[in-house]
Trainee: 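This is the structure I want to talk about, given as structure tokens.
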Amino acid sequence: MSDKFTGNFRGNFTQQEPIPDAGIKAAIRVLQHGRLHRYNVAEGEAGETALLEQEFAAAMGSKYALAVASGGYAIACAMRAVGVVAGDAVLTNAFTLAPVPGAIASLGAVPVFVGVTEVLTIDLSDLEQKIKESGARVLLLSHMRGHICDMDALMSICDAAGVQVIEDCAHTMGATWRGVMSGRHGVMAAYSTQTYKHMNSGEGGLLISDDDDLMARAVMLSGSYMLFERHLAGPPASAFETLRYEVPNISGRMDNLRAAILRPQLATLDVQCAAWNARYRVVEDGLRGTAGLTVIERPQDEDYVGSSIQFLLLDWDAAQINQVLQRCAARGVELKWFGGDEPTGFTSRYDSWRYAPEQSLPTSDRILRGILDMRLPLPFSLEDCEQIAGIIRAEVGAVYQSWA
Ligand SMILES: *Cc1c(COP(=O)(O)O)cnc(C)c1O
């Protein structure tokens, strides 16, 4: 079509790639033999879940890995393992998605929100202040939309204050900071394999750690009964000696069917990440220089995975932003806005999570009001991405001009 920049985009923002053939074949084998429960294995068989854990630990460079039912479960499990109990304050990002504060609330703990900077990472000076004010001993750090803060600076703040860091890597599976894999800075890190993340098993989660005691707790919590020795990426039996009597079973295991679907995806994760980044760069290049629109410049030290892209319409009125959303939607481009007063779809703001104590974060409010967000599904071609950027540029430009 010749009307690349005047026509409408016809792609689907929620369409995923198919599961690789190897995953479909492996899933059929599991369905045929019927041993779907992770501990239901034949003589000499390791099981898909145990193998996935072994391969995931190797891919992330961690000592241990545990596969669980969801990303949210992985986060809650990590918090239980580090000893968070009801009433504890837990620090987390003001800019994140609902399952993050939700996991804190699931333990009866209390979220304390830390502000967001203009490059969409956690505000480290606000973090220092909130550590002092709250007395919290745990930070649940959400690498929201794949933006990684200065992890060396963050870890030195948290180490000095005796704050344990749990990383939520739902958007950074495969990313690095100064060459260190995302998820390797904190005591534990959680990943999601839900459909919209970097590997797709419908639902699912993974947890990594190097710590014997924490991982033994997580394995028991996940519902291992006394079968923990069947894990190929778990701590030695000695780590379970007393824990086996003390740690409650809060069932949340992964099954062999999902693990079978995930293993071939893990094998090509780097290829997928490169494909996302190629799409990301095309959109980023297409948006750069648009009047009124701020591109989020990524730091040199960050090797991100561009599975979604964000930009700011900083200090625009709600009415102007709504116009941009509507005009882009009319041309087939689905943007999400983090600044809306009412939570919609997957998007909500820290002040819509009313189970958490009310907090005031005026600096962050200004940024949140300006954040636009768009998924970059892999079925989109580079040409599609060029067209999408052209549409956003034109529609932002039209609204900006009519108000300026
Ligand atoms: C998806 C997501 C989660 C939760 O993962 P589920 O597998 O859906 O439970 C947690 N944190 C972030 C930032 C997410 O995007």
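Order of appearance sets the numbers: ligands from 1, and atoms from 1 within every ligand. All values below were derived from every heavy atom in this structure, side-chain atoms included, with hydrogens, water molecules and symmetry-related copies excluded.
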Trainee: Looking at Glu45 and Arg230, is any side-chain nitrogen of the basic one under 4.0 Å from a carboxylate oxygen of the acidic one?
Mentor: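 Salt bridge: no.
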
Trainee: Cation-pi check, Arg298 to Tyr304: give yes when NZ or CZ is under 6.0 Å from the six-membered ring centre and within 45° of the ring axis, no otherwise.
Mentor: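 Arg298 over Tyr304 ring: yes.
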
Trainee: Provide, line by line, the atom pairs where ligand 1 and the protein bring an N/O atom each to a distance under 3.5 Å; else say none.
Mentor:
{"from": "ligand 1", "atom 1": "5 (O)", "to": "Ser192", "atom 2": "OG", "distance (Å)": "3.3"}
{"from": "ligand 1", "atom 1": "7 (O)", "to": "Gly71", "atom 2": "N", "distance (Å)": "2.7"}
{"from": "ligand 1", "atom 1": "7 (O)", "to": "Ser192", "atom 2": "OG", "distance (Å)": "2.7"}
{"from": "ligand 1", "atom 1": "8 (O)", "to": "Gln194", "atom 2": "NE2", "distance (Å)": "2.9"}
{"from": "ligand 1", "atom 1": "9 (O)", "to": "Gly71", "atom 2": "N", "distance (Å)": "3.4"}
{"from": "ligand 1", "atom 1": "9 (O)", "to": "Gly72", "atom 2": "N", "distance (Å)": "2.8"}
{"from": "ligand 1", "atom 1": "11 (N)", "to": "Asp168", "atom 2": "OD1", "distance (Å)": "3.4"}
{"from": "ligand 1", "atom 1": "11 (N)", "to": "Asp168", "atom 2": "OD2", "distance (Å)": "2.8"}
{"from": "ligand 1", "atom 1": "15 (O)", "to": "His171", "atom 2": "NE2", "distance (Å)": "2.6"}
{"from": "ligand 1", "atom 1": "15 (O)", "to": "Lys197", "atom 2": "NZ", "distance (Å)": "2.9"}

Trainee: How close do Cys158 and Leu139 get, counting heavy atoms only, and between which atoms?
Mentor: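 Scanning both residues completely, I find the closest heavy atoms to be SG-CD2, 3.9 Å.
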
Trainee: How long is the straight-line distance from CG of Asp150 back to CD of Glu302, given to the nearest 0.5 Å?
Mentor: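 Those atoms lie 11.0 Å apart.
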
Trainee: Looking at Glu284 and Arg288, does any basic side-chain N land under 4.0 Å from a carboxylate oxygen?
Mentor: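 Result for this pair is yes, salt bridge flagged.
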
Trainee: For Ser224, enumerate each residue passing the side chain to side chain donor-acceptor pair (under 3.5 Å) test, keeping only those at least two apart in sequence or located in another chain.
Mentor: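 By the side chain to side chain donor-acceptor pair (under 3.5 Å) rule, Ser224 matches no residue at all.
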
